[in-house]
Number of protein chains: 2
Amino acid sequence: MRTALYHPDRDEISLDKVLHALSDPIRRDIARVMHEQGPRVCGQLDYPIAKSTLSHHLKVLRESGIMHTEVRGTTRVITLRREDLEARFPGLLDAVQVTAPAPEHVLSTV
Amino acid sequence: MRTALYHPDRDEISLDKVLHALSDPIRRDIARVMHEQGPRVCGQLDYPIAKSTLSHHLKVLRESGIMHTEVRGTTRVITLRREDLEARFPGLLDAVQVTAPAPEHVLSTV
DNA sequence: TTCAATGTTCTACAAGTGTAGAACATGGTG
DNA sequence: CACCATGTTCTACACTTGTAGAACATTGAA
């Protein structure tokens with residue numbers, strides 16, 4: 001059963017959901033990696049969490065409108081929806097350090 | 001028993017906690033009101049929630065470093081920590097529409 | 001001192017979240 | 001076909017969260 005993956009339209013992307021999605025450090029880092037290294041295959045992501053947990057995070061990122069998922073064979077290519085997010089919430093990706101390097105004094109953030 | 005209210009130092013303000021705090025629409029609106037109308041007394045805030053719930057939200061905002069609380073008689077004056085937040089996460093308050101008016105197409109956000 | 005006003009804290013609860021193991025689905029390969 | 005690789009979905013669980021009522025603390029005023 002192939003069901004189409006849900007992606008909100010640009011105008012449906014909600015700030016509540018985006019901020020919630022980005023409040024998790026792993027999800028924020030996934031977004032950062034997608035921006036820094038371009039589209040990725042899920043398996044290329046390396047975090048100390050279970051496959052099912054990673055899948056959950058990717059679902060949150062996709063359903064909140066932060067990334068796009070394209071099925072390609074057995075793998076899935078995920079892409080940051082940079083333009084949609086920039087159009088909807090200008091400066092947000094920069095401000096949450098997804099598209100901007102963190103200033104020195106921020107790196108030690110707990 | 002008067003215990004000093006906890007306020008994180010500027011350098012201790014964590015992006016995780018700030019984003020989580022701002023992912024709630026009521027808390028984000030409180031921040032917006034503080035910016036727009038200056039320091040407020042808690043009782044001036046008008047939301048359809050219980051006193052204890054409002055108090056909880058204010059605690060989250062204070063402990064995440066978003067606002068400062070000053071006890072003054074029986075009331076408490078709350079202030080947006082605009083400069084600290086701007087220094088720590090430049091552009092964030094604007095991007096989450098706390099210090100910037102929402103563009104037309106964003107007002108209908110669900 | 002007694003009373004009222006302002007908020008916080010305590011307690012409780014339903015809903016949501018991050019986590020992971022097991023099973024499943026899909027697609028490529030031999 | 002059988003087999004493996006990639007990820008998702010199902011189920012479960014402990015923890016957190018937003019919510020509110022009741023009691024409490026503090027201060028100012030009558």
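Residue numbers start from 1 in every chain, and the chains themselves are labelled A, B, ... in the order their sequence lines are given, proteins ahead of strands.
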Distance below 4.0 Å between B/His57 side-chain N/O and D/dT19 OP1 or OP2
yes
A/Thr99 side chain reached by A/Glu86 side chain, heavy atoms, under 4.5 Å
no
Among all residues two or more places apart in sequence or in another chain, which pass the side-chain hydrogen bond (donor to acceptor under 3.5 Å, both in side chains) test with B/Arg82?
none
Once you round it to whole Å, what is the distance between P of D/dT17 and CG of B/Leu22?
14 Å
Distance-only polar pair, side chains of A/Asp16 and B/Ser23, donor-acceptor under 3.5 Å
no
Using a 4.0 Å cut-off on protein heavy atoms (strictly under), produce a 5'-to-3' string for nucleotides 3-14 of chain C with B for base contact, S for backbone-only sugar-phosphate contact, and - for none.
---SBBB-----
Just how far, in rounded Å, is P of C/dG18 from CG of B/Asp16?
11 Å
Distance in angstrom units between B/His20 NE2 and D/dC15 C1', rounded:
12 Å
Whole angstrom value for the distance that separates C1' of C/dT17 from CG of B/Asp24
15 Å
Just checking A/Arg72: base, sugar-phosphate only, or nothing, at a heavy-atom cut-off of under 4.0 Å?
nothing
A/Leu15 and B/Gln97, any side-chain heavy atoms less than 4.5 Å apart:
yes
Pair B/His20 and A/His20, ring centroids less than 6.0 Å apart
no
How many Å lie between CD1 on B/Ile26 and C1' on D/dT17, as a whole number?
13 Å
Tell me: NZ of A/Lys17 to P of C/dT17, nearest whole Å?
10 Å
If the condition is side-chain hydrogen bond (donor to acceptor under 3.5 Å, both in side chains), which residues does A/Glu70 pass it with, not counting sequence neighbours?
A/Arg72
